[in-house]
Amino acid sequence: MRAVLASLAMRRPAVRGAALPAAALAFAALFLSNGSSQSRLFWIGTAATIVAAVGWAVRPPSLSRSAVVFFAAFGAFVIWQAASIAWSIEPSRSWDYTNRSFVYLAFAAVGALLGGVAFPRLVEAAGLLLGALFVWALAAKVIPGLYPDYGRLARLRYPVGYWNELALLAAASVPIGLWLLRRARVGAALLLYVALVVAVLTYSRVGIVLAVLGAVVWLAVDERRLEAIGVLAVAWIVGALVAGAGLLLPGISDDGQPHDVRVQDGLVFGAALVVGAAVVILALRFVVPKAVDRRVVRATAAVFAALVVATLAASVVRAGGPGDWVSDRWHEFSNPVSAQLGNTESRFTSTSSSNRWRWWQEAWNAFADHPAEGTGAGSFGLTDRIERDSPLAVVEPHSTPLQFLSELGLIGFLLYALVVGAAMLVVSRRAALPLALATGICFLHSFVDIDWDYVAVQGPLFLTVGALAAGPPRARRGWLPAAAAGLCALAAVYSLASPWLSEHRYNAALDSVTSLNLIGAQDEVKAAHSFNPLAVQPLWLMAALTINRAQALDLYREARDLEPKNPDTWYELGRFELKVLKQPRAAYRDLNHAYTLDKFLFGPGTSPGRDLDQARCEVDPSTCPK
């Protein structure tokens with residue numbers, strides 16, 4: 001007994017010591033990550049790496065067999081991404097993407113330092129952070145000065161940076177809120193209330209569906225569902241009314257609204273939010289009992305199911321029959337002409353994939369061309385530029401599994417699948433139903449969006465998985481594990497810092513050029529290249545600042561050889577040959593190859609297209625405009 005008490009006394013301070021930095025990292029990821037910003041990823045990722053290294057060196061967590069599989073698979077996945085730099089069609093981007101994956105691994109390692117903590121504490125912390133996030137997100141609608149960019153594009157996204165990821169967090173909070181009803185009924189109801197308002201104002205169809213699915217699954221498996229269903233109904237009915245009011249206010253839901261309209265409508269919307277919260281609180285106190293009668297639930301479910309069936313039947317009849325209905329829905333889903341939906345309420349009734357079907361096909365074709373190794377981590381942007389048949393360009397195919405299949409080949413895809421499978425296994429083994437459902441929602445959403453780009457989602461997700469994967473910390477054994485943790489941390493921080501320093505020096509070089517300090521610009525851009533020799537932008541600027549034409553030509557060729565599938569590298573080389581070297585034949589060859597790789601950016605009518613027309617005219621005067 002004494003040994004057990006001594007062990008607990010030793011473990012509790014270690015867990016408490018890790019709790020504060022873990023909570024700070026989760027807060028930073030949710031509130032301060034600024035979308036997919038590489039600069040913010042550097043600062044947050046460096047902090048996570050240091051915390052993980054110190055924690056694992058001082059008091060490493062104990063790992064079960066499934067936890068070992070999770071961390072080993074995740075480490076192998078990151079190593080495979082790093083290896084893909086060697087054959088990547090965009091090596092600098094692959095380096096950035098490898099760093100992003102390592103940051104998520106660092107979050108999982110930080111979470112493991114919380115091993116042994118009771119999962120209710122994790123659920124409570126998650127609910128508190130997510131509730132604060134949603135309130136802050138809605139506050140930016142009430143107070144336009146918090147996020148002025150809503151004047152350009154109104155879809156709710158602050159502070160995460162992307163509406164679909166914010167909606168995903170709202171959906172993941174539903175099982176968390178339903179579980180918290182047993183501990184803090186009013187607080188949990190308010191979490192469910194603001195989560196629904198957030199999900200609707202993001203206009204995310206998948207987010208709303210996943211929120212409903214999370215609630216249905218919870219109610220199906222929870223033995224105390226009758227205690228939750230009444231609270232959920234009140235929270236969501238009031239939330240739907242408040243969100244509907246927001247959709248009717250131009251300053252809340254419409255793009256391009258002036259500041260005064262957003263201020264006025266923001267005040268109205270803020271009042272609606274407060275009144276809605278008050279209605280939820282009063283309803284829970286005076287109207288909704290602790291448990292709802294089972295017969296009322298069944299009758300309500302039957303009416304709702306009948307309405308859904310009737311609506312679906314009317315839609316099928318209107319389409320001309322089941323066959324025509326399915327055909328129409330598929331045509332709407334895959335049709336590239338009407339693929340890109342507008343940011344209006346009509347999104348809610350559309351089955352369009354919003355261009356995803358095209359991107360998924362491109363990703364699959366890239367995998368078919370490179371089935372074993374892929375095109376390199378994070379390189380889908382070039383694949384899309386080469387394969388696209390419309391001016392719209394993206395950097396991810398909006399499906400994380402397909403993205404990894406395309407970029408990392410079958411090996412990388414299987415490693416990612418092993419990471420996901422091991423993560424779900426360790427979460428389910430802790431019998432943490434709300435966290436298991438929230439984790440499942442996150443992984444399910446990744447099939448249709450670019451979740452891996454956002455530390456606001458992946459950081460807290462893997463921190464939670466790491467916390468559930470590990471056991472209580474144990475005493476450090478020897479100096480070798482501590483030395484290994486330190487070396488890994490140093491290598492990781494160097495990998496994170498180099499691209500960030502390169503970008504910082506490159507921007508400083510541009511500032512020097514603007515101020516006509518050409519000598520300073522040369523020094524800055526050389527430093528940028530030394531920090532990241534895989535980036536092509538420093539090479540272009542070095543060439544532009546070089547007086548020696550032969551050296552400049554070598555730099556343009558070096559950039560082209562780094563990314564031979566990148567139309568920009570061919571264009572910059574061809575433009576230099578045309579404008580500076582006065583070599584129209586070489587220029588025509590390289591500019592035409594840029595056009596072959598990207599017909600939309602370098603085609604007729606564009607500024608690069610005019611350079612191609614000039615080179616063609618000088619090579620063959622018969623093609624000159626008359």
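In this text, all values refer to a predicted model and were calculated from it rather than measured experimentally.
The nearest pair of heavy atoms linking Ala154 to Asp255 is N-OD1, 2.8 Å. A pairwise comparison of heavy atoms in Ala615 and Leu591 identifies CB-CD1, 4.1 Å as the closest pair. The minimum heavy-atom distance between Leu25 and Ile44, with the atom names listed, is CD2-O, 3.9 Å. Considering every non-hydrogen atom in both Gly214 and Leu437, the closest pair reads O-CD1, 4.4 Å. Taking each heavy atom of Ile85 and Ser94 in turn, the nearest pair found is CG1-CB, 3.8 Å. Considering every non-hydrogen atom in both Phe380 and Ser406, the closest pair reads CD1-OG, 4.2 Å.
In this structure, His593 places its NE2 atom where more than 12 heavy-atom neighbours from other residues, nucleotides or ligands lie under 6.0 Å away. When the shell of 6.0 Å around CD of Glu503 is examined, it contains 12 or fewer heavy atoms from other residues, nucleotides or ligands.
With hydrogens and angles disregarded, no donor-acceptor distance shorter than 3.5 Å links the side chain of Ser498 to the backbone of Ser495. Remark: the backbone N or O of Ala492 is not paired with any side-chain donor or acceptor of Thr49 at under 3.5 angstrom. One N or O on the side chain of Arg100 and one on the backbone of Ser36 form a donor-acceptor pair closer than 3.5 Å. A distance-only check finds a donor-acceptor pair linking the side chain of Tyr150 to the backbone of Tyr158 [under 3.5 Å]. Between the side chain of Asn365 and the backbone N or O of Gln361, at least one donor-acceptor pair lies under 3.5 Å. Between the Trp540 side chain and the Glu572 main chain, no donor and acceptor come within less than 3.5 Å of each other. A donor-acceptor pair under 3.5 Å is formed between the side chain of Arg40 and the backbone N or O of Leu32.
For an aromatic pair to be called close, the ring centres must be under 6.0 Å apart, and Phe367 with Trp364 satisfies this. Here the two rings, on Trp500 and Trp95, have centers that are 6.0 Å apart or farther.
For residues 577-626, the disulfide (SG to SG under 2.5 Å) pairs, not counting sequence neighbours, are Cys617-Cys624. Evaluation of the disulfide (SG to SG under 2.5 Å) test over residues 349-383, restricted to residues two or more places apart or in two chains, returns none. Annotation: side chain to side chain donor-acceptor pair (under 3.5 Å) contacts involving residues 452-463, sequence neighbours excluded, comprise Tyr97-Asp453, Ser101-Trp452. Every pair passing ring pair (Phe, Tyr, Trp, His ring centres under 6.0 Å) that includes a residue from residues 600-626 is listed here, sequence neighbours excluded: Tyr571-Phe602. Sorted by first and then second residue, the pairs that involve residues 391-413 and meet salt bridge (charged side-chain N to carboxylate O under 4.0 Å, His left out), not counting sequence neighbours, are Arg93-Glu396. Contacts classified as disulfide (SG to SG under 2.5 Å) and involving residues 555-614 (residues at least two apart or in different chains) are not found. Screening residues 378-427 for disulfide (SG to SG under 2.5 Å) gives no qualifying pairs among residues at least two apart or on separate chains.
Arg505 is linked by a salt bridge (charged side-chain N to carboxylate O under 4.0 Å, His left out) to Glu524, counting only residues two or more places apart in sequence or in another chain. For Phe74, the ring pair (Phe, Tyr, Trp, His ring centres under 6.0 Å) partners are Phe70, Phe462, not counting sequence neighbours. Remark: Glu165 engages no residue in a salt bridge (charged side-chain N to carboxylate O under 4.0 Å, His left out) (not counting sequence neighbours). For Glu362, the salt bridge (charged side-chain N to carboxylate O under 4.0 Å, His left out) partners two or more places apart in sequence, or in a different chain, are Arg358. Every residue two or more places apart in sequence or in another chain that forms a salt bridge (charged side-chain N to carboxylate O under 4.0 Å, His left out) with Asp611 is listed here: Arg575, Lys579.
Using a 4.5 Å heavy-atom cutoff, the side chains of Thr400 and Phe443 are not in contact. The closest side-chain heavy-atom distance from Gln257 to Ile252 is not below 4.5 Å. Side chains of Val419 and Leu415 form no contact here, defined as non-hydrogen atoms less than 4.5 Å apart. Using a 4.5 Å cut-off on side-chain heavy atoms (C-beta onward), Gln81 and Phe102 make no contact. Between Pro499 and Asn532 there is a side-chain heavy-atom pair separated by less than 4.5 Å. Proximity of Thr606 to Leu601: side-chain heavy atoms (C-beta onward) are nowhere separated by under 4.5 Å. Side-chain contact between Asn164 and Val206 is absent, with no heavy atoms from C-beta onward closer than 4.5 Å. Contact annotation: the side chain of Tyr416 approaches that of Ser446 to within less than 4.5 Å [non-hydrogen atoms, C-beta and beyond].
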Leu247/Leu201 under side-chain contact (heavy atoms from CB on, under 4.5 Å): CA gap, chis, key distance, verdict: CA-CA 7 Å; Leu247 294 176; Leu201 292 185; 3.9 Å; yes
Residues Leu562, Leu539; criterion side-chain contact (heavy atoms from CB on, under 4.5 Å); working and verdict: CA-CA 10 Å; Leu562 273 174; Leu539 290 172; 3.7 Å; yes
side-chain contact (heavy atoms from CB on, under 4.5 Å) evaluation trace for Thr439 with Met424: CA-CA 7 Å; Thr439 301; Met424 292 304 302; 3.5 Å; yes
Evaluation steps, side-chain contact (heavy atoms from CB on, under 4.5 Å), between Ile450 and Val394: CA-CA 11 Å; Ile450 56 176; Val394 294; over 6 Å; no
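Between the OG1 atom of Thr546 and the CD atom of Gln551 there is a distance of 6.0 Å, given to the nearest 0.5 Å. The distance from the OG1 atom of Thr569 to the CG atom of Asp561 is 8.5 Å, given to the nearest 0.5 Å.
Salt-bridge check for Arg610 with Asp613: failed, with every basic side-chain N at 4.0 Å or more from each acidic carboxylate O.
Under the 3.5 Å distance criterion, with hydrogens and angles disregarded, a donor-acceptor pair is assigned to the side chains of Tyr162 and Asp449.
Here the rule is side chain to side chain contact (heavy atoms under 4.5 Å, CB included) with Glu563, and of Asp568, Val536, Leu534 only Val536 fits it.
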